[in-house]
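The structure appears right after this line, and notes come after that.
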Amino acid sequence: MKTVAVLSLLASLASAASLTLVTENFGPNPRNNPFYIYVPDVLPPNPAILVNPHWCHGTAPAAFSGSQYATLASQHGFIVIYPQSSPAQANSDKCWDVSSKETLTHNGGGDSLGVVSMVKWTINKYNADPKRVFVTGVSSGGMMTQVLLGSYPDVFAAGAAFAGVPFGCFAPAGNNTGAFGYWSDDCAKGRVTKTPAQWADLVKSAYPGYDGWRPKLQLFHGTNDEILDYVNHQEGIKQWAEVLGVGITPVSVTPNTPISGWTKSVYGAEGWLEGYSAAGVPHDIRVQKATVMAFFELACKGEDCFRWGDGEWCDAEPSATTSSVVVSTTGAPVTTTSTSSTSVRVTTPSATSTSSRVTTTFVTSTSTAAPVVGQPLWAQCGGMGFNGPTACAVGTCTVYNPYYAQCVPRTGVPIW
């Protein structure tokens with residue numbers, strides 16, 4: 001009996017799922033990116049796929065061991081792809097290619113094409129659901145998340161980027177062909193700011209002529225990020241809100257979500273874009289796996305799970321007359337100027353209970369103050385810890401949240 005039990009245990013261990021390096025040809029891979037995969041022992045029919053690109057100086061095995069996604073995959077029955085940056089970066093920073101024309105273009109090459117080939121191979125090999133492919137990463141992996149959503153909106157259903165930068169922010173000025181390992185100090189330090197339309201044009205130019213469904217997105221960023229400035233969070237909100245057509249004024253704001261000190265902002269009636277500001281958090285941000293899992297619906301099985309093509313991703317065009325509401329550090333709503341009236345739902349803690357109440361605030365203003373000497377359009381003009389000029393030479397200093405304010409056009413789209 002003991003012998004049978006030992007043999008049974010050995011057989012069980014031999015069949016246990018583990019991280020595996022795929023060595024066969026899996027399709028176009030111009031940068032020779034290594035492909036690691038975790039496939040649970042038990043899979044439901046047509047399982048979902050999660051892509052988890054690593055951070056700078058990281059590896060696929062480090063991403064595998066440094067998170068719980070493989071454990072969650074075994075619990076809920078989805079596959080995890082752990083791609084690795086090109087061997088060309090092995091002796092430097094091991095960052096992802098987020099700057100070249102190739103990676104920022106649909107089927108153009110670069111690291112992004114290699115990752116998409118991994119996805120397509122996995123779909124064919126394991127009969128995975130092509131409409132339930134998701135991507136999440138932190139730092140360079142967060143940058144790559146946004147690159148994949150921008151260059152391949154026809155492949156990914158949703159993404160969650162932690163401490164990243166907007167699509168195309170790291171691309172050098174001029175010809176960026178072959179700029180695979182380029183580091184943009186200007187972007188990293190928050191010196192690259194654009195209008196929402198300019199940011200959106202970068203995404204749209206990645207796949208010329210594409211007018212189809214767009215994936216939904218979560219953006220997470222620490223307000224004290226010392227590597228990739230928090231400015232990049234607000235620039236990313238501008239970019240993806242414009243791409244998705246949901247407007248850059250949030251429809252709801254919830255303090256202390258998903259944890260104390262973090263603020264959740266939702267954009268668009270369908271909730272297609274979520275932004276999370278983590279107060280006082282540096283670049284080493286804590287990944288909120290439960291929040292990501294819920295957004296992707298990765299615990300779901302069957303036909304009713306969220307998938308590519310679901311919902312109405314473009315529920316409204318950005319309005320030039322939308323007003324804004326600012327949430328203070330205590331969660332109380334405060335008004336800013338605007339050119340007309342609208343409503344924004346702000347969720348704040350109730351003073352009499354542990355539950356939440358919803359406050360709808362209507363803001364009306366027609367003020368048109370004259371320009372003054374100060375910051376240029378789209379530059380930062382305020383926020384906790386900001387020591388620069390707080391006046392705008394052009395536009396109005398509009399507060400996004402307690403940690404960031406920016407000079408925006410008086411007659412354009414006011415920005416949260």
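Residue indices begin at 1 and follow the sequence shown. These values consider heavy atoms only, across backbone and side chains, with no hydrogens, waters or symmetry-generated copies.
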Worksheet item: Does the pair Ser67 and Asn52 meet the rule for a side chain to side chain contact (heavy atoms under 4.5 Å, CB included), with working shown?
Response: CA-CA 10 Å; Ser67 80; Asn52 186 205; 4.0 Å; yes
Worksheet item: Taking it one step at a time, do Cys169 and Asn232 satisfy side chain to side chain contact (heavy atoms under 4.5 Å, CB included)?
Response: CA-CA 9 Å; Cys169 189; Asn232 286 299; 3.7 Å; yes
Side-chain donor/acceptor of [X] to backbone N/O of [Y], under 3.5 Å:
| X | Y | result |
| --- | --- | --- |
| Lys131 | Gly309 | no |
| Glu102 | Thr177 | no |
| Glu226 | Pro282 | no |
| Gln84 | Ala60 | yes |
| Ser117 | Leu113 | yes |
| Ser265 | Val253 | no |
| Thr103 | Ser112 | yes |
| Ser74 | Pro40 | no |
| Thr254 | Thr257 | no |
| Arg132 | Glu297 | yes |

Would [X] and [Y] count as having a side-chain donor-acceptor pair, cut-off 3.5 Å?
| X | Y | answer |
| --- | --- | --- |
| Trp199 | Glu235 | yes |
| Tyr36 | Thr59 | no |
| Trp262 | Gln288 | no |

Mind checking whether [X] and [Y] have side chains closer than 4.5 Å, heavy atoms only?
| X | Y | result |
| --- | --- | --- |
| Val119 | Tyr152 | no |
| Val22 | Met118 | no |
| Val155 | Leu148 | no |
| Pro87 | Pro34 | yes |
| Val116 | Phe156 | yes |
| Leu202 | Lys194 | yes |
| Asn33 | Pro83 | no |
| Thr122 | Phe35 | yes |

Rounded to the nearest 0.5 Å, what's the gap from [atom1] on [X] to [atom2] on [Y]? Could you check?
| X | Y | atom1 | atom2 | value |
| --- | --- | --- | --- | --- |
| Phe26 | Ile81 | CZ | CD1 | 9.5 Å |
| His233 | Leu219 | NE2 | CG | 6.0 Å |
| Asp111 | Ser151 | CG | OG | 11.0 Å |
| Ile37 | Leu19 | CD1 | CG | 9.5 Å |
| Lys301 | His76 | NZ | NE2 | 7.0 Å |
| Phe220 | Phe162 | CZ | CZ | 4.0 Å |

Heavy atoms only: give me the nearest [X]-[Y] pair and the separation to one decimal.
| X | Y | result |
| --- | --- | --- |
| Cys95 | Ser85 | O-CB, 3.5 Å |
| Pro166 | Gly236 | CG-N, 3.5 Å |
| Ala163 | Asp225 | CB-OD2, 3.8 Å |
| Gly27 | Asn25 | N-OD1, 3.0 Å |
| Ser140 | Trp96 | OG-N, 2.9 Å |
| Glu242 | Ala200 | CG-CB, 3.4 Å |

Look at atom [atom1] of [X] and say whether more than 12 heavy atoms of other residues, nucleotides or ligands are closer to it than 6.0 Å.
| X | atom1 | value |
| --- | --- | --- |
| Asp304 | CG | no |
| Lys120 | NZ | no |
| Glu303 | CD | no |
| Asn124 | CG | yes |
| Gln75 | CD | yes |

Worksheet item: Are Val281 and Arg286 close enough, and set up right, to give a side chain to side chain contact (heavy atoms under 4.5 Å, CB included), and what steps lead you there?
Response: CA-CA 9 Å; Val281 173; Arg286 179 181 172 185; over 6 Å; no
Item to complete: Taking the six-membered ring for Trp and the single ring otherwise, decide whether the centroids of Trp240 and Tyr267 are under 6.0 Å apart.
Response: no
Worksheet item: Trp183 and Phe170: aromatic ring centres closer than 6.0 Å?
Response: yes
Which word best sums up how the rings of [X] and [Y] line up, parallel for under 30°, tilted for 30 to 60°, or perpendicular for over 60°?
| X | Y | result |
| --- | --- | --- |
| Phe64 | Tyr82 | perpendicular |
| Trp308 | Trp213 | tilted |
| His106 | Tyr207 | parallel |
| Phe296 | Phe134 | parallel |

Discussion item. Less than 6.0 angstrom from the centroid, inside 45 degrees of the normal: does Arg31 satisfy that with respect to the ring of Phe180?
Written reply: yes
Practice prompt. Apply salt bridge (charged side-chain N to carboxylate O under 4.0 Å, His left out) to the pair Asp229 and Arg191, showing each step before the final yes or no.
Written response: CA-CA 9 Å; Asp229 196 279; Arg191 295 194 291 258; over 6 Å; no
Worksheet entry | side chain to side chain contact (heavy atoms under 4.5 Å, CB included) between Leu298 and Leu72, worked out | CA-CA 9 Å; Leu298 275 172; Leu72 292 167; over 6 Å; no
Item to complete: I would like to know whether Glu274 and Lys264 meet salt bridge (charged side-chain N to carboxylate O under 4.0 Å, His left out); could you show each step before the answer?
Response: CA-CA 7 Å; Glu274 295 182 354; Lys264 174 185 178 181; 3.8 Å; yes
